[in-house]
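Presented below is the structure to which this report refers.
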2 protein chains.
Amino acid sequence: MPHADKPYQLHDQVGFRMRQANQRHLTIFARYIPHLTPMQFAALSKLDELGAVSQNDLGRQTAMDAATMKGVIDRLARKGFVATEADPSDQRRLLVRLTEAGKDIYAAAVPPARAITEETLGPLTAREQARFLQLLAKLAL
Amino acid sequence: MPHADKPYQLHDQVGFRMRQANQRHLTIFARYIPHLTPMQFAALSKLDELGAVSQNDLGRQTAMDAATMKGVIDRLARKGFVATEADPSDQRRLLVRLTEAGKDIYAAAVPPARAITEETLGPLTAREQARFLQLLAKLAL
DNA sequence: ATCTTTTCATTCGTATGCAAACGATTTTCC
DNA sequence: GGAAAATCGTTTGCATACGAATGAAAAGAT
């Protein structure tokens with residue numbers, strides 16, 4: 001006799017639940033930092049940490065596709081938060097760096113960003129939060 | 001004396017890790033079910049479960065915005081997997097239901113979908129998998 | 001030193017994802 | 001029953017996402 005086939009319930013699948021958890025996170029993000037998208041913030045954060053990097057490199061650091069990265073950088077440049085220049089040592093590379101305005105915006109966004117993380121994990125106890133982050137790390141790319 | 005400010009590390013934030021875990025999941029999904037997107041599959045799954053539902057209702061069931069849902073349904077209709085009709089009892093509503101082709105495609109997609117869930121959670125032990133799903137449920141919308 | 005392979009940035013096409021505004025309908029409430 | 005509020009589907013605009021193709025430049029191999 002075959003095992004009773006468990007019904008396939010969309011709501012119980014990892015993918016669906018991860019999507020919902022992420023949706024909630026994005027809503028919280030938009031409330032704390034309305035003027036930046038999560039991707040724009042991620043780019044600013046890495047640029048602040050690394051200084052001048054090539055566009056593709058920044059994409060790798062922030063887990064963004066090259067095509068996606070270009071769009072993000074274009075929009076950040078339009079807002080005046082980043083500046084680009086050709087890499088003298090490699091004519092293919094486009095170096096990206098923070099402007100002064102970009103540094104200021106990022107510095108001002110870090111405290112709200114901490115609050116976003118805190119509120120996103122709010123439904124969990126401290127122990128659960130730590131465990132969740134550990135499990136996520138195992139499931140990351 | 002103020003507490004030593006922990007540096008803000010993008011890679012340690014929930015949002016960033018959730019995004020990466022989700023990226024990996026989407027890659028796995030595309031490998032197992034190349035002809036359907038996760039959203040299209042979710043819509044088919046709910047339609048299979050619920051029968052005929054209004055477009056907005058389906059959006060709620062699958063955690064999709066009304067504008068997003070319309071796009072998904074349009075594409076599924078174009079492929080011949082769903083059919084739409086006006087709701088006789090409410091002229092505003094657009095009833096959506098699976099076609100025969102839609103039912104077949106969905107039925108054929110369920111086994112790979114189970115494999116997707118399994119592979120996505122693969123890096124975790126059975127105990128960790130259960131815990132992860134529980135924690136996700138607490139963080140869902 | 002040339003030939004091959006990579007890498008880099010860009011572009012195109014398709015698919016989410018959501019806010020906001022819209023007209024058309026229902027529902028609600030007095 | 002009629003005005004006000006809510007719901008439904010649609011459209012527009014903006015911002016990811018990513019595969020695939022392209023041209024230019026650099027790296028590697030022989």
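Every chain is numbered from 1 and lettered A, B, ... according to where its sequence line falls, protein lines coming before strand lines.
- Comparing A:Arg75 and B:Thr27 by the nucleotide of DNA chain D that holds the closest heavy atom to each, the one mapping nearer the 5' end is A:Arg75.
- When the side-chain nitrogen and oxygen atoms of B:Arg60 are compared with OP1 and OP2 of D:dG9, none of them lie within a distance under 4.0 Å.
- We find that CD of A:Gln91 is positioned 6 Å from P of D:dA26, with the value rounded to whole Å.
- For B:Leu133 against A:Asp12, the heavy-atom pair with the smallest separation is CD2-O, 4.0 Å.
- If you measure from atom CG of A:Leu58 to atom C1' of C:dC8, you get 14 Å, rounded to the nearest angstrom.
- Distance CD (B:Gln23) to P (D:dG19): 10 Å, rounded to an integer number of Å.
- The 12-atom threshold is exceeded at CD of B:Glu85, counting heavy atoms of other residues, nucleotides or ligands nearer than 6.0 Å.
- Across every non-hydrogen atom of B:Ala43 and B:Leu76, the tightest pair is CB-CD1, 3.9 Å.
- The side chain of A:Arg19 approaches C:dG17 more closely than any other nucleotide in the set C:dG17, C:dC12, C:dA9.
- Nucleic acid contact class of B:Thr68 (heavy atoms, under 4.0 Å, all strands): base.
- Aromatic pair A:Phe81/A:Tyr106: ring centres not closer than 6.0 Å.
- Both B:Asp57 and A:Ala63 lie close to DNA chain D; mapped to their nearest nucleotides by heavy-atom distance, the more 5′-ward contact belongs to B:Asp57.
- What separates NE2 of B:His25 from P of C:dT16 is a distance of 13 Å, to the nearest Å.
- Of all heavy-atom pairs between B:Leu136 and A:Met18, the closest is CD1-CG, 3.6 Å.
- At the heavy-atom level, B:Asp90 lies under 4.0 Å from the strands shown only through sugar-phosphate atoms.
- Distance A:Asn22 CG to D:dT16 P: 14 Å, rounded to the nearest Å.
- Distances shorter than 4.0 Å separate none of the side-chain N or O atoms of B:Arg92 from OP1 or OP2 on C:dG23.
- A close approach under 4.0 Å does not occur between any side-chain nitrogen or oxygen of B:Arg78 and OP1 or OP2 of C:dT14.
- Going from atom CG of B:Asp87 over to atom C1' of D:dT7 covers 13 Å, rounded to whole Å.
- Contact between the side-chain N/O atoms of A:Lys70 and the OP1/OP2 oxygens of C:dT10 is found at a separation under 4.0 Å.
- Residues A:Gln55 and B:Pro38 both approach DNA chain C. Their nearest nucleotides, taken by heavy-atom distance, put A:Gln55 toward the 5′ side.
- Proximity of A:Arg93 to the phosphate of D:dA26: no side-chain N or O atom is located under 4.0 Å from OP1 or OP2.
- Among the nucleotides D:dT10, D:dA25, C:dA9, the one closest to any side-chain atom of B:Leu94 is D:dT10.
- In this structure, B:Thr37 reaches the C:dT16 phosphate: one of its side-chain N or O atoms is under 4.0 Å from OP1 or OP2.
- The separation between B:Leu26 atom CG and C:dT14 atom C1' is 15 Å, rounded to whole Å.
- Atom CG of A:Leu36 and atom P of D:dT16 are 10 Å apart (whole Å).
- For B:Tyr8 and A:Phe41, the distance between ring centers is under 6.0 angstrom.
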